[in-house]
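Presented below is the structure to which this report refers.
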Amino acid sequence: MRIPIQSVTPSSGQAEVVGWVHEVRDLGGLAFFLIRDRTGIIQVTIPKKKASEAVLSAAKRVSRESVVRVAGIIKAIDKAPGGRELVPDVFEIISLADSPLPLDVVEKVPADLDTRLDSRFLDARRPRVAAVFQIRSAAMHAINQYLHNEGFINITTPKIVAAATEGGTELFPIAYFDKEAFLNQSPQLYKQMMMAAGFEKVYEIGPIFRAEEHNTTKHLNEATSIDIEVSYADHLEVMRVLEEMIVKTYEYVSMNCSDQLTNLEIPDFSIPKTPFPRLCYGDAIEIAKKKIEDPIRYGDDISPAAERAIGAEMGGHYFIVDWPSEIRPYYAMPFETDPSICKAFDLMHPRMELSSGAQRVHQHDLLVEQIKKKGLNPESFEFYLRPFRYGIPPHAGWGLGAERLVMTMLGLSNVREAVLFPRDMHRLVP
RNA sequence: GCCCAGGUAGUGUAGUGGCCCAUCAUGUUUGCCUGUCACGCAAACGACUCGGAUUCGAAUUCCGACCUGGGCGCCA
């Protein structure tokens with residue numbers, strides 16, 4: 001019976017392992033095969049004079065990255081990796097790999113990201129790459145667990161939608177029988193409808209699609225959004241949820257993924273401290289003004305250069321709050337005392353924006369007014385406005401980019417590293 | 001979409017007008033080797049993105065296309 005390579009010890013006696021041929025070192029009368037599965041690597045040693053004909057012929061025929069089944073006696077040998085080696089009675093080729101390989105799994109020679117993504121299934125055999133996705137999985141688990149424990153209801157909303165209700169970003173049009181439809185850019189409106197439905201606390205982790213022709217290391221055309229919406233909460237309350245969730249996620253990864261962090265050479269994985277600083281938008285602009293050459297004024301969007309400058313000053317996660325209403329969407333709640341600013345926020349990592357959210361406008365008439373102020377036509381927002389006419393609690397929420405969370409957590413240089421099969425302007429396959 | 005830098009064996013690279021029937025590493029094949037662990041040694045195999053131009057001569061210069069990386073824009 002197959003056992004994980006990690007669990008083979010010098011005292012295992014007889015053992016059978018199944019895995020990939022990682023490396024071959026043939027010394028003539030003696031040959032070493034390194035066999036790798038997802039748990040580790042074991043040395044298989046074949047003394048040619050003593051080995052059976054079947055073992056020898058399979059060993060001769062096998063290529064790197066073929067899947068093999070190897071069974072035999074485990075010997076304790078100090079010189080071997082893990083202090084043990086397997087001397088096989090059985091050496092069976094289960095799946096022979098073509099040669100040459102499209103990329104070097106053993107990493108003697110590096111490969112460009114583009115080459116790696118073309119052969120992602122091979123790339124992901126590398127422990128360093130597998131570690132990223134194991135950590136991503138752990139992070140998603142921690143997030144689900146946290147939100148569940150906080151009383152959130154997990155919902156699933158449509159990704160095929162009828163219209164671009166939010167404005168702004170470009171949508172992907174699709175053919176939907178005889179109608180025109182789009183891939184959803186955000187679950188925003190559906191989350192809000194569930195506030196009208198009385199669910200109070202909802203979350204969704206799902207794909208979002210943006211048809212922007214951006215070409216950067218932090219944008220994807222298909223991304224994963226972690227979204228929450230909470231009734232009777234203001235922006236401050238959901239910011240607290242967000243920072244607590246981030247910290248719990250880091251803690252969980254730190255506790256459960258030490259091998260993966262070692263693989264990724266992140267020995268000093270540090271957990272952010274709460275509360276994250278709250279930086280007013282106006283103060284953020286002042287910091288940027290001092291540090292960058294490009295002119296920037298109150299009311300401008302924060303450019304990547306400004307983002308980096310402010311990030312360097314802040315040194316860790318932080319919120320930008322008190323945004324001018326005119327540069328936030330119509331559904332962001334203006335402050336009663338000063339409607340020129342609103343209850344919107346961005347969660348920033350020193351490298352980039354991770355999340356944005358707000359207390360939402362829940363008053364139907366104010367919403368109509370704000371839509372008009374943005375130069376939009378309220379009539380085309382009827383689908384969005386309807387729930388606001390039948391009693392909807394005040395509410396707030398945010399959306400957090402899962403890939404950016406993983407990217408910043410692990411210091412990845414390109415967001416594509418945090419996605420198995422990234423979709424960007426130029427990549428639709430595999 | 002704009003700007004910049006690129007495109008050379010399966011992979012990663014060197015080469016900026018003749019010294020290139022193209023460097024190095026890895027890989028693959030063959031031979032030798034009983035303790036390797038990036039095994040070693042010997043030999044062989046394998047590439048200038050495509051199209052056009054300049055030139056006696058182009059991997060190298062120019063033009064166009066396609067592709068890649070980075071930055072910007074766009075992305076509430």
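Chain letters run A, B, ... following the sequence lines, proteins first, then strands; residues in each count from 1.
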TODO: Identify whether any heavy atom of I327(A) sits under 4.0 Å from a base atom; if not, whether one sits that close to sugar-phosphate; answer base, sugar-phosphate or nothing.
DONE: sugar-phosphate
Open item on the list: From C-beta outward on T115(A), which listed nucleotide comes closest to its side chain: G31(B), U36(B), U11(B)?
Closed with: U11(B)
Task: Span that lies between the C1' atom of C33(B) and that of A42(B), in whole angstrom - done: 12 Å
Open item on the list: Looking at every non-hydrogen atom in both residues, tell me the closest pair between A124(A) and V129(A) and how far apart they are.
Closed with: CA-CG1, 3.7 Å
- [ ] For nucleotides C63(B) and C48(B), find the distance between their P atoms and express it as a whole number of Å.
- [x] 24 Å
Task: Residue list, ring-ring contact (aromatic ring centres under 6.0 Å, His included) with H214(A), at least two apart or on another chain - done: H219(A)
TODO: Flag the pair R125(A) and D37(A) as a salt bridge only when some basic side-chain nitrogen lies within less than 4.0 angstrom of an acidic carboxylate oxygen.
DONE: no
- [ ] Please tell me which of the listed nucleotides, U34(B), G12(B), G1(B), lies nearest to the side chain of M425(A)?
- [x] G1(B)
Open item on the list: Checking E180(A) now: which residues fulfil salt bridge (charged side-chain N to carboxylate O under 4.0 Å, His left out) with it, not counting sequence neighbours?
Closed with: none
Open item on the list: Counting distance alone, no hydrogens or angles: does the base of G1(B) have a donor or acceptor under 3.5 Å from a partner atom on the side chain of E212(A)?
Closed with: no
Task: salt bridge (charged side-chain N to carboxylate O under 4.0 Å, His left out) contacts in which one or both residues fall within residues 351-361 of chain A, not counting sequence neighbours - done: E229(A)-R360(A)
Open item on the list: So Q370(A), base contact, sugar-phosphate only, or nothing? Heavy-atom distance under 4.0 Å.
Closed with: nothing
Task: Interatomic distance at P, C20(B) relative to G6(B), whole Å - done: 24 Å
Task: Least distance between heavy atoms, P47(A) atom then L30(A) atom - done: CA-CD1, 3.9 Å
Open item on the list: When the C1' atoms of C2(B) and A59(B) are compared, how many Å lie between them, rounded to an integer?
Closed with: 29 Å
Task: Summary of protein contacts for nucleotides 24-29 of chain B, nucleotide by nucleotide, where a base hit scores B, a sugar-phosphate-only hit scores S (4.0 Å, heavy atoms) - done: --SSS-
Open item on the list: By the definition ring-ring contact (aromatic ring centres under 6.0 Å, His included), identify the one residue from W323(A), F335(A), F345(A) that meets it with H235(A).
Closed with: F335(A)
- [ ] State plainly whether the residues R427(A) and E222(A) are in salt-bridge range, i.e. N to O under 4.0 Å.
- [x] no
Task: Euclidean distance, atom CG of residue N184(A) to atom C1' of C75(B) [Å, nearest integer] - done: 15 Å
Task: Rounded distance in Å - CD (E170(A)) to P (G1(B)) - done: 13 Å
Open item on the list: Side chain of A111(A) only, heavy atoms from C-beta on: which candidate in U11(B), G31(B), G35(B) is closest?
Closed with: U11(B)
Open item on the list: Taking any heavy-atom pair under 4.0 Å as a contact, classify K49(A): base, sugar-phosphate, or nothing.
Closed with: base
Task: Nearest-angstrom distance, P atom, U60(B) to U54(B) - done: 15 Å
Open item on the list: Please report the distance, rounded to the nearest Å, between CG in D123(A) and P in U11(B).
Closed with: 14 Å
TODO: Check the distance between G12(B)'s C1' and L122(A)'s CG and give it to me in whole angstrom.
DONE: 16 Å
TODO: Run the salt-bridge test on R116(A) and E417(A) with the 4.0 Å N-O cut-off and return the result as yes or no.
DONE: yes
- [ ] In whole angstrom, give the distance that lies between atom CG of L27(A) and atom P of C41(B).
- [x] 13 Å
Open item on the list: Between K191(A) and E204(A), does any side-chain N to carboxylate O distance fall below 4.0 Å?
Closed with: no
- [ ] Quick one: label A332(A) by what it contacts on the DNA or RNA (base, sugar-phosphate, nothing), any heavy atom closer than 4.0 Å.
- [x] nothing
Open item on the list: A side-chain contact here means heavy atoms from C-beta on lying under 4.5 Å apart; do R36(A) and I5(A) qualify?
Closed with: no
Task: Reference residue L347(A); test side-chain contact (heavy atoms from CB on, under 4.5 Å); the match among L405(A), I320(A), L354(A) - done: L354(A)
Task: Spacing between F33(A) atom CZ and A38(B) atom P, to the nearest angstrom - done: 18 Å
Task: A58(B) versus G51(B) - spacing of their C1' atoms, nearest Å - done: 15 Å
Task: Length of the line joining I302(A):CD1 and C74(B):P, which is rounded to integer Å - done: 14 Å
TODO: Inspect the contact between R120(A) and D123(A) and indicate whether a charged nitrogen and a carboxylate oxygen are less than 4.0 angstrom apart.
DONE: yes
Open item on the list: When the P atoms of G15(B) and C24(B) are compared, how many Å lie between them, rounded to an integer?
Closed with: 14 Å
Open item on the list: Pick the closest RNA chain B nucleotide for L30(A) and for E326(A) by heavy atoms, then say which residue is nearer the 5' end.
Closed with: L30(A)
Open item on the list: Here's a test of your reading of the structure: between P47(A) and L103(A), which maps to the more 5' nucleotide of RNA chain B?
Closed with: L103(A)
Task: Protein-to-nucleotide contact annotation, 5' to 3' order, nucleotides 65-73 of chain B [B base; S sugar-phosphate only; - none; under 4.0 Å, heavy atom] - done: ---S-SSBB
Open item on the list: Could you write out RNA chain B as dot-bracket? Rules: Watson-Crick or G-U wobble, both distances under 3.5 Å, brackets [ ] for crossings, | for pairs with another strand, dot for unpaired.
Closed with: (((((((..(((.....[.....)))((((((.......))))))...(((((..]....))))))))))))....
Open item on the list: Measuring centre to centre across the rings, with the benzene-like ring taken for any Trp, is Y176(A) within less than 6.0 Å of F182(A)?
Closed with: no
- [ ] For D26(A) and C33(B), give me the distance from atom CG to atom C1', rounded to whole Å.
- [x] 9 Å
- [ ] Could you work out the separation of A14(B) and U30(B) based on their P atoms and round it to a whole Å?
- [x] 32 Å
